[in-house]
There are 2 protein chains.
Amino acid sequence: MTISEENYIKVIYHLSLVSPKGVNTNAIAGMLDTKASSVTDMMKKLSDKDLVSYQKYQGVTLTEKGFHSAKMIVRKHRLWEVFLVDKLGFSWDEVHEIAEELEHIKSEQLINKLDAFLGFPVADPHGDPIPDAKGVIKKIEKQLLSEVEINAAFHCVGVKDSSTDFLKYLDKQKIALGSVVKVIDKEDFDDTLTVEIDGKRLTISNKIANNLYVQ
Amino acid sequence: MTISEENYIKVIYHLSLVSPKGVNTNAIAGMLDTKASSVTDMMKKLSDKDLVSYQKYQGVTLTEKGFHSAKMIVRKHRLWEVFLVDKLGFSWDEVHEIAEELEHIKSEQLINKLDAFLGFPVADPHGDPIPDAKGVIKKIEKQLLSEVEINAAFHCVGVKDSSTDFLKYLDKQKIALGSVVKVIDKEDFDDTLTVEIDGKRLTISNKIANNLYVQ
DNA sequence: TTTTATTTTTAGTTTTGTCTAAATTTAATT
DNA sequence: AATTAAATTTAGACAAAACTAAAAATAAAA
Ligand SMILES: [Mn+2]
Ligand SMILES: [Mn+2]
Ligand SMILES: [Mn+2]
Ligand SMILES: [Mn+2]
């Protein structure tokens with residue numbers, strides 16, 4: 001697979017978690033910042049390689065083969081992110097772009113040795129699960145902070161939005177994976193939350209609570 | 001720079017250490033396993049970008065800019081090789097191919113953090129020097145074992161040929177960087193050497209001695 | 001159920017990096 | 001110095017991956 005083909009397969013994988021019946025051409029184009037016509041061309045190529053099943057106008061789904069390839073790319077992406085944060089000292093908002101390149105390095109032996117070197121982590125720095133060498137993903141139990149009952153204690157286990165802006169906001173508020181959160185109060189009008197994070201009171205918007213996973 | 005351009009620049013760098021007056025089109029084609037006509041095309045492109053100076057039929061040399069780029073690619077290649085051997089436990093004959101891909105990862109911050117993580121190594125697993133962040137190469141004093149006086153003690157510091165075959169041969173003979181070598185006798189007829197390596201007697205051909213650096 | 005809007009595909013180009021075959025230049029031999 | 005050989009460059013073609021503009025199919029609205 002070329003780097004371009006891998007990027008398409010990975011995007012289809014992510015989109016198909018939300019639309020399992022078939023991923024739209026425009027959705028793929030949007031994610032890859034390319035044009036719909038380019039996507040159509042690539043779908044034909046991936047279909048010829050038996051990585052996706054594709055019928056004109058009907059959207060696209062991954063084949064078994066494509067699904068497995070996708071998980072291997074995601075595995076590489078997330079393991080490299082762990083490496084960058086845990087070993088090289090990058091912060092969690094800096095690693096995505098670099099992992100976007102590293103995920104395309106070919107050697108399977110490399111990624112398995114990296115996995116061992118990192119101690120077989122189950123999640124990346126953003127709390128997303130890391131497929132094992134066979135492609136098995138250990139599901140992480142989690143809820144959005146916005147959907148959690150009041151006055152129970154949770155801890156942060158992941159982010160839904162991993163944009164730099166959101167991650168920097170969390171850094172500023174000293175919210176990290178592992179932080180203990182308790183919802184003290186919820187404003188009826190706009191769902192603004194009053195929370196206690198690691199013992200400190202904080203007011204956060206619904207948009208924030210909607211992008212933070214807790215357990 | 002594209003990956004292809006980087007591969008050309010690196011090859012020109014290596015060849016120009018041997019032919020500083022100008023690197024031949026065919027030599028480049030041979031190293032990259034491509035055709036002379038492709039090389040000519042690329043030389044025009046690199047010349048337009050001011051990475052090489054090129055005049056038809058006269059061979060090619062790196063500009064200051066090209067020279068610096070080349071050293072940064074070599075730096076990345078060799079640092080990744082150190083990582084693969086020291087941290088992931090690859091053997092020295094397995095790393096070249098993987099480093100060939102890793103050397104093209106873009107981030108400068110990544111490579112400087114990797115350098116620090118590895119403890120600022122001065123040489124790669126094959127004894128080749130690693131340019132620092134500014135491109136400065138600390139020259140490693142070394143001689144070929146074939147050119148060394150009899151009965152003096154040296155230690156191995158590098159290999160000239162780093163092909164799998166040669167490295168595997170050295171592994172088999174338990175010769176590694178750091179091993180102590182003394183030439184006991186040299187056969188006049190074919191320059192075969194009798195050596196003592198880490199205390200053990202061994203007979204080695206001139207071809208071997210010609211590819212092993214000692215200090 | 002027409003009509004309109006949106007989505008998707010097709011057709012035709014472009015750029016990058018490669019190739020083959022032919023032409024040209026330089027180097028080596030008679 | 002003329003001829004032959006080798007190295008290099010040009011010309012023209014191709015595949016991959018993108019694009020624009022136009023056509024076709026599907027979905028939404030009237
Ligand atoms: Mn990528
Ligand atoms: Mn991540
Ligand atoms: Mn390379
Ligand atoms: Mn090396």
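In what follows, every chain begins at residue 1, and chains take the letters A, B, ... in the order their sequences are listed.
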[X] and [Y]: which non-hydrogen atoms are nearest, and at how many Å?
X        : Y        : answer
A:His126 : A:Trp92  : NE2-O, 2.8 Å
A:Ile140 : A:Val122 : CD1-O, 4.4 Å
B:Ala36  : B:Asn26  : CB-OD1, 3.6 Å
B:Ser16  : B:Leu62  : OG-CD1, 4.5 Å

For [X] and [Y], which I'm curious about, is there any donor-acceptor pair between the side chains at under 3.5 Å?
X        : Y        : result
B:Asn210 : B:Ser146 : yes
A:Ser163 : A:Asp165 : no
A:Ser53  : A:Thr63  : no

Subject >> Non-neighbouring partners of A:His104 that pass ring pair (Phe, Tyr, Trp, His ring centres under 6.0 Å), sequence neighbours left out >> reply: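 Counting only residues at least two positions away or on another chain, A:His104 forms no ring pair (Phe, Tyr, Trp, His ring centres under 6.0 Å).
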Between [X] ([atom1]) and [N] ([atom2]), how many Å, whole number?
X        : N      : atom1 : atom2 : value
B:His104 : C:dG17 : NE2   : P     : 12 Å
A:Asp41  : C:dT9  : CG    : P     : 10 Å
B:Lys35  : C:dA21 : NZ    : P     : 10 Å

Original post:
Going by heavy atoms closer than 4.0 Å, what residues in residues 8-34 of chain A are next to DNA chain C?
Top reply: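 The stretch gives A:Asn24, A:Thr25, A:Asn26 as the residues lying under 4.0 Å from the strand, ordered by number.
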Original post:
Listed in order of residue number, which residues of residues 50-63 of chain A have a non-hydrogen atom at under 4.0 Å from DNA chain C?
Top reply: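 Under 4.0 Å from DNA chain C: A:Tyr54, A:Lys56, A:Tyr57.
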Original post:
Should A:Thr40 be listed as having a side-chain N or O under 4.0 Å from OP1 or OP2 of C:dT9?
Top reply: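 Looking at the OP1 and OP2 atoms of C:dT9, one of them is under 4.0 Å from a side-chain N or O of A:Thr40.
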Original post:
Quick one: is B:Ser37 getting a side-chain N or O under 4.0 Å of the C:dA21 phosphate, OP1 or OP2?
Top reply: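 Checking C:dA21 against B:Ser37, no side-chain N or O comes under 4.0 Å of OP1 or OP2.
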Original post:
Between A:His96 and A:His77, what is the ring plane arrangement, given parallel below 30°, perpendicular above 60°, and tilted in between?
Top reply: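 Tilted.
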Dump the pairs, protein N or O against N or O of nucleotides 13-15 of chain C, anything under 3.5 Å, distances to one decimal.
none

Original post:
Going through the checks in order, is the side-chain contact (heavy atoms from CB on, under 4.5 Å) test met by B:Ile9 and B:Leu51?
Top reply: CA-CA 8 Å; B:Ile9 288 291; B:Leu51 290 162; 3.8 Å; yes
**OP:** Could you walk me through whether A:Thr194 and A:Leu202 pass the side-chain contact (heavy atoms from CB on, under 4.5 Å) test, one step at a time?
**Re:** CA-CA 6 Å; A:Thr194 305; A:Leu202 207 65; over 6 Å; no
**OP:** Please give the angle, rounded to 10 degrees, between the axes at the start and the end of the helix from C:dT1-D:dA30 to C:dT30-D:dA1, where five pairs define each axis.
**Re:**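 Rounded value for the end-axis angle: 10°.
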**OP:** Considering only heavy atoms of chain A and a distance under 4.0 Å, specify the first and last nucleotide of DNA chain D in 5' to 3' order that meet this criterion.
**Re:**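 Footprint of chain A along DNA chain D, 5' to 3': D:dA16 to D:dT26.
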Original post:
Is the shortest side-chain N to carboxylate O distance from A:Lys10 to A:Glu103 below 4.0 Å?
Top reply: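 So A:Lys10 pairs with A:Glu103 through a salt bridge.
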Original post:
Is a salt bridge present between B:Arg75 and B:Asp115, judged by a nitrogen-to-oxygen distance below 4.0 Å?
Top reply: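 Looking at B:Asp115 together with B:Arg75, the answer is yes, because their closest N to O distance falls below 4.0 Å.
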Subject >> Criterion side-chain contact (heavy atoms from CB on, under 4.5 Å) on A:Leu118 and A:Lys87, from CA distance to verdict >> reply: CA-CA 8 Å; A:Leu118 298 173; A:Lys87 303 294 183 181; 3.9 Å; yes
Original post:
Strictly under 6.0 Å, is that where the ring centroids of A:Phe83 and B:Phe83 end up?
Top reply: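 Ring centres of B:Phe83 and A:Phe83 closer than 6.0 Å.
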